[in-house]
Amino acid sequence: MRSSVTNKGCPSRLAVPKELRDDYYYNALYTEELDFRLLGQQNPEFEAVLERGSHLDFNNPKSVMQLTKTILKQDFNLTVDLPMDRLCPPVPNRHNYILWLKDLLDSSSTPYFDSSEPARQVTGLDIGTGASLIYPLLGCVQRPSWSFVATDVDAKSLSYARKNVELNNMQSRIRVVGRTITDCLIPLDELGLETIDFTMVNPPFYTSEAELKDLAKQKSRPPNSACTGAPVEMVCAGGEIGFIQRMIDESLVLRERVQWYTCMLGKQSSLEVLVNILKGHGVTNYAITTFVQGNKTRRWAIGWSFGDKRPSLSASRGCEPSAGKKILPEPTEVTVVMRSSSQIKPEQLERAVCDMMVGLGLDSWSWSKQLLKGLGFVNGKVWSRACRRKKARERGNLVPVGGDTAEDESSSSRQKKPKQPVEQGTTQCMFGFLLNIQVLGDTNDKSQVAIVARWLQGNDHAIFESFTGFLRKAILSSIQEQCSIIDLHVMNYMKTYILDDPVNLTAF
Ligand code: SAH
């Protein structure tokens with residue numbers, strides 16, 4: 001059988017010393033097909049389970065287990081002991097979940113640059129960690145400031161999980177806790193934790209053993225996961241929806257004590273059901289994604305938050321759901337592109353944007369010339385016509401007829417220091433955004449200049465929409481002579497829209 005496990009390619013991976021493995025290294029793992037022959041040449045124990053030097057029998061649990069152990073060692077320097085009668089986790093899929101979590105947390109944390117905050121102490125709860133303890137191990141290896149509480153209800157899995165903590169010397173960072181099936185799933189009080197950063201779970205997918213067998217008959221077994229799962233790992237009351245419904249119920253009580261509640265799903269149809277349940281409870285800050293592994297196995301994931309930090313597009317809209325766009329969360333990025341014929345230079349746009357923002361009198365605004373990025377926070381829609389009229393009155397100016405052009409704002413801003421405007425009757429919710437000027441394509445005359453507005457904080461998407469609407473109009477009028485612009489409401493999915501490389505935050 002051909003491998004559908006993909007990998008960046010062994011030689012380049014091995015060339016990266018362990019201490020230099022960073023997010024770039026981890027992001028690149030499993031993006032290309034794994035070369036079993038090469039892996040075997042480098043790992044005698046793996047070579048021993050290969051047939052004819054390059055073929056792996058995915059129906060043989062021993063071979064699959066060796067594959068998992070070998071790539072955990074080679075790619076993450078992890079050592080695990082696994083029982084034959086429990087789930088043997090396919091590493092690429094589990095790694096995908098960790099990559100998504102990193103994106104979700106990094107893009108909704110305080111540096112506001114969609115990049116990691118290495119010193120941020122992050123605590124996660126892995127519900128149903130299994131014998132392998134795979135998620136806490138993968139998370140701790142990749143992020144030195146992460147720690148985990150890992151729970152399970154199965155005595156055998158718990159004893160292996162504890163052993164795997166020790167095998168990897170993670171006693172100070174991973175706590176394994178036994179639970180019973182009727183206990184709550186997120187026991188923050190019992191654990192003595194006031195708040196944590198995330199919960200994660202790969203729940204039992206099926207409602208009964210009969211359903212498991214039925215579904216297994218209908219489709220061929222996923223090629224990279226000879227299923228050694230025990231019933232407790234595969235089946236629970238209500239299947240995955242039942243399990244996650246319990247999590248949702250608990251989250252409605254705990255609310256912001258956990259920043260992100262997340263779950264993996266085995267069935268795409270569960271996404272729509274869960275999004276509707278969340279929306280029914282008024283939750284709008286949620287994220288959905290898919291984990292693609294080889295060309296057959298696909299999993300989905302959902303995360304939700306009661307906080308007001310908004311994640312990146314790649315984290316929140318990482319899939320094109322079969323249920324349609326209606327179940328996607330609101331987009332958190334909008335790009336406004338100047339047509340190449342406009343010949344607008346980045347410096348012109350920078351000046352226009354900065355004048356405009358200063359003129360608005362935001363509660364806080366800072367601009368990095370080096371990064372061409374600016375960060376703004378404000379309470380209320382200070383860009384609204386009513387608010388700007390009021391400000392103009394306070395300045396003692398006559399309000400110009402239709403006086404809502406950006407030029408009025410930006411030119412006056414140079415003369416007067418902005419003060420904090422809070423208008424009666426506007427939504428008093430903290431709204432945070434990042435503006436980033438980008439040059440698309442080559443830096444020759446034909447290149448296009450764009451401004452990307454990223455919604456960072458706030459509870460109301462309508463405010464972000466209103467802000468980007470203002471921004472578009474204001475840019476047009478402030479550089480009107482030669483400018484025509486295209487709005488690119490980014491409705492697309494993962495990775496089609498790429499922000500700058502992660503930046504050095506201390507430079508800001
Ligand atoms: N996280 C592992 C195992 C997933 S299988 C992996 O991804 O490979 C699901 C796990 O959830 C099993 O280990 C099962 O014992 C555990 N489980 C089932 N019900 C649970 C509950 N109520 N609380 C905690 N763990 C539970």
Side-chain angles (χ1 to χ4, degrees), residues 61 64-65 67-69 71-72 76 78 80-101 124-140 148-165 174-188 190-191 198-209 212 222 224-251 261-267 270 291 293 297 299-301:
V64 174
M65 185 181 288
L67 173 65
T68 289
K69 286 183 174 180
I71 56 182
L72 279 176
F76 301 94
L78 287 167
V80 290
D81 192 8
L82 300 169
M84 287 305 295
D85 54 354
R86 291 293 182 273
L87 260 185
C88 173
V91 178
N93 164 269
R94 304 306 197 256
H95 179 52
N96 277 337
Y97 195 159
I98 296 290
L99 291 183
W100 176 63
L101 267 178
L125 171 66
D126 178 24
I127 305 167
T129 197
S132 62
L133 193 78
I134 183 110
Y135 290 129
L137 291 176
L138 290 177
C140 285
F148 277 84
V149 175
T151 66
D152 212 293
V153 291
D154 176 46
K156 185 162 191 177
S157 292
L158 284 163
S159 88
Y160 271 84
R162 289 192 174 107
K163 185 170 177 197
N164 287 326
V165 171
I174 305 174
R175 192 169 143 197
V176 176
V177 176
R179 308 287 295 159
T180 69
I181 223 93
T182 50
D183 284 343
C184 68
L185 298 171
I186 313 172
L188 293 193
E190 287 166 68
L191 294 168
F198 66 88
T199 66
M200 68 188 308
V201 65
N202 174 13
F205 292 153
Y206 304 103
T207 50
S208 66
E209 285 188 58
L212 193 164
N224 52 358
S225 64
C227 188
T228 45
V232 65
E233 297 176 293
M234 311 299 288
V235 174
C236 73
E240 62 187 14
I241 291 190
F243 200 96
I244 297 165
Q245 174 75 66
R246 282 179 66 194
M247 272 187 70
I248 293 178
D249 290 345
E250 291 184 28
S251 78
Y261 300 87
T262 74
C263 319
M264 183 154 92
L265 305 168
K267 300 174 199 163
S270 303
F291 305 139
Q293 204 185 326
T297 312
R299 294 281 180 257
W300 294 266

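Excluded from the calculations below are hydrogen atoms, water molecules and symmetry mates; all remaining heavy atoms, backbone and side chain alike, are included. Throughout, residue positions are numbered sequentially from 1 according to the sequence presented. Each ligand, and each atom within it, is numbered from 1 in the order the structure gives.
Closest to atom 1 (N) of ligand 1 among all protein heavy atoms lies G128 O, 2.8 Å. Looking only at protein heavy atoms, the nearest one to atom 2 (C) of ligand 1 is T129 O, 3.2 Å. Protein heavy atom nearest atom 4 (C) of ligand 1, with residue, atom name and distance: N202 O, 3.5 Å. Here the protein heavy atom with the shortest distance to atom 26 (C) of ligand 1 is V153 CG2, 3.7 Å. Protein heavy atom closest to atom 22 (N) of ligand 1, with residue, atom name and distance, is L185 CD2, 3.6 Å. Looking only at protein heavy atoms, the nearest one to atom 15 (O) of ligand 1 is D152 OD1, 2.5 Å.
Geometrically, ligand 1 and S157 share no nitrogen or oxygen pair separated by less than 3.5 Å. Between D154 and ligand 1, no N or O atom pair is found at a separation short of 3.5 Å.
Here is the list of ligand 1 atoms found below 4.0 Å of a heavy atom in R94: 6 (C), 7 (O), 8 (O).
One finds a salt bridge joining E190 and R179 here, because a Lys/Arg side-chain nitrogen approaches an Asp/Glu carboxylate oxygen to under 4.0 Å.
F198 has its side chain within reach of M200: a pair of non-hydrogen atoms, C-beta onward, lies under 4.5 Å apart. A heavy-atom distance below 4.5 Å is not found between the side chains of L185 and T151. Using a 4.5 Å heavy-atom threshold, the side chains of D154 and R86 count as touching.
Put simply, the residue from Y135, W100, F291, F76 that forms a ring pair (Phe, Tyr, Trp, His ring centres under 6.0 Å) with H95 is F76.
With a 4.0 Å heavy-atom cut-off, ligand 1 is reached by the backbone of E233 and by its side chain too.
Across every non-hydrogen atom of C140 and F148, the tightest pair is SG-CD1, 3.8 Å. Minimum interatomic distance between L158 and D152 (heavy atoms only, all atoms of both residues): CD1-O, 3.6 Å.
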